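Each remark here refers to the structure printed beneath this line.
Residue numbers begin at 1 in each chain, while the letters A, B, ... track the order of the sequences. Just so it is clear, the model here is predicted, and its values are computed rather than measured.
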Amino acid sequence: MVRLITHNLLACHVKGCTTNNFPLQFQDVQIELQEAEFNPDFVRNLLPRLEWGALVDAAKQVGDTSLPPEQPEMTDDDVLQKLHHVLLEIHITEGAMVCSNCKHIYPISNGIPNMLLSEHEIG
Amino acid sequence: MSRPELQAPPEIYYGDSEAVKYTKNTRNQQIQADLTYRALELLNMPPDQSAFLLDIGCGSGLSGEILDEEGYVWAGVDIAPSMLEVALEREVEGDLFLQDIGQGLGFRPGSFDGAISISVLQWLLNAETSHHTSAPPHRLHRFFTTLHSALRNPSRAVFQFYPTSDDQIQLITSTAQKAGFGGGIVVDYPNSKKARKVYLCLFVGGGGGQQQVPAGLNEEAMDDDSVRFERRRQRERARDRSGKRKKVMDKEWILKKKELYRQRGKEGVPRDSKFTGRKRKATF
């Protein structure tokens with residue numbers, strides 16, 4: 001299952017693709033909602049590692065607009081709850097991720113993205 | 001039989017049937033669980049903090065289940081699609097990726113709080129094609145450099161693996177060091193042929209003080225419930241106190257079997273009586 005938490009950490013790793021290789025763009029995705037246990041400390045720890053803009057964009061692409069476009073300075077429970085939902089409860093089951101720089105397509109089937117590269121793409 | 005990694009590449013060796021067989025085998029499950037707990041111990045994460053871990057070569061999620069239990073959020077990568085399918089069926093919590101770690105990991109810097117990997121690294125030591133990116137040193141280098149950047153500072157990565165020679169250990173540790181890792185090899189039960197386990201314990205950053213490589217476990221600490229084969233014990237079990245050989249199929253065994261058949265709904269299982277498991281008189 002691809003959740004937005006991992007999508008936000010995932011960059012294209014094709015040989016020579018070093019600029020503008022993050023975030024990967026979603027393409028014809030199907031999503032599934034699965035509840036997960038809310039752990040505010042985990043989300044708070046994760047916060048500095050997230051790329052806020054990319055997360056909001058990705059959430060929009062899968063049809064969730066609950067996050068504010070700018071990272072709020074105060075992280076109260078309400079924001080954490082929203083973040084938790086976006087990061088951990090939205091699962092992408094089918095579709096593809098496309099690198100906006102080199103246009104490499106990583107297909108997602110059954111919730112598992114195929115990150116394999118062909119020989120000439122290995123760095 | 002020779003080692004699995006010498007027979008075929010992992011994505012072929014762990015095909016549909018082998019993936020199911022491997023996951024259902026309770027002995028494999030037990031070994032995987034033990035190794036995972038030990039790896040987590042070596043990982044030494046700060047307590048009561050739910051971290052985000054990477055499971056390298058997660059397979060069917062045997063180790064992932066333990067990470068779930070321990071309250072970690074995790075992502076797993078594996079190259080065998082059949083194993084990942086089994087993991088999906090078992091409904092593990094983590095995110096799964098089909099990825100060849102020898103091609104490098106595509107994670108942003110500082111993504112993970114730690115990484116574990118159970119019996120994976122030996123699979124990187126065979127070249128599958130003659131292309132230069134398929135050479136083991138190249139694959140190891142690519143793997144370790146991308147992993148090093150994907151881990152947070154400070155953090156640890158623990159790999160349990162089965163090396164065949166010291167040269168392999170040498171190659172792996174030197175490549176890891178070139179990628180910027182500190183740390184080294186930890187050997188548990190070094191004098192036991194069966195229980196001996198090799199862990200590669202790598203550190204990212206030191207946070208001021210130099211991190212110490214943890215000590216391996218040794219014989220004295222070995223617990224007695226683990227399986228060790230002793231022929232003497234087997235011989236003893238075959239004889240009762242009078243020195244005569246015990247009957248292999250005694251009454252207890254027969255009752256157990258009959259109970260099992262009844263549970264399975266087999267027809268025509270004879271009923272139990274005081275004659276069950278007794279020999280007929282010679283005059284009969």
Counting only non-hydrogen atoms closer than 4.5 Å, does [X] touch chain B with its backbone (N, CA, C, O), its side chain (CB onward), both, or neither?
X: A:N39; answer: side chain
X: A:F22; answer: side chain
X: A:N21; answer: neither

[atom1] of [X] to [atom2] of [Y]: how many Å apart, nearest 0.5 Å?
X: A:K15; Y: B:T133; atom1: NZ; atom2: OG1; result: 8.0 Å
X: B:Q103; Y: A:E119; atom1: CD; atom2: CD; result: 9.5 Å
X: A:I108; Y: B:L98; atom1: CD1; atom2: CG; result: 12.0 Å
X: B:Q99; Y: A:H13; atom1: CD; atom2: NE2; result: 4.5 Å
X: A:T6; Y: B:W74; atom1: OG1; atom2: CH2; result: 11.5 Å
X: B:L96; Y: A:I112; atom1: CG; atom2: CD1; result: 5.0 Å

Checklist entry - Looking at A:N8, A:L116, A:L50, A:I5, which makes the most heavy-atom pairs under 4.5 Å with chain B? => result A:L116

Item to check | Residue B:S134 versus chain A: region with a heavy atom under 4.5 Å | outcome: neither

Item to check | Contacting moiety of B:A51, where chain A heavy atoms sit under 4.5 Å | outcome: backbone

Checklist entry - Does NE2 belonging to B:H141 count more than 12 external heavy atoms closer than 6.0 Å? => result no

Item to check | Enclosure of A:E94 CD (heavy-atom neighbours >12, cutoff 6.0 Å) | outcome: yes

Item to check | Residue pairs, two or more places apart or on separate chains, that pass side chain to side chain donor-acceptor pair (under 3.5 Å) and touch residues 45-57 of chain A | outcome: A:R49-B:D113, A:E51-B:R108

Checklist entry - Just by modelled atom types, is the A:V2 backbone N or O under 3.5 Å from a matching donor or acceptor in the B:D95 side chain? => result no

Checklist entry - What are the residues of residues 16-26 of chain B, in order of number, with any heavy atom under 4.5 angstrom from a heavy atom of chain A? => result none

Checklist entry - Does the side chain of B:E93 reach to within under 4.5 Å of the side chain of A:L88, using non-hydrogen atoms? => result no

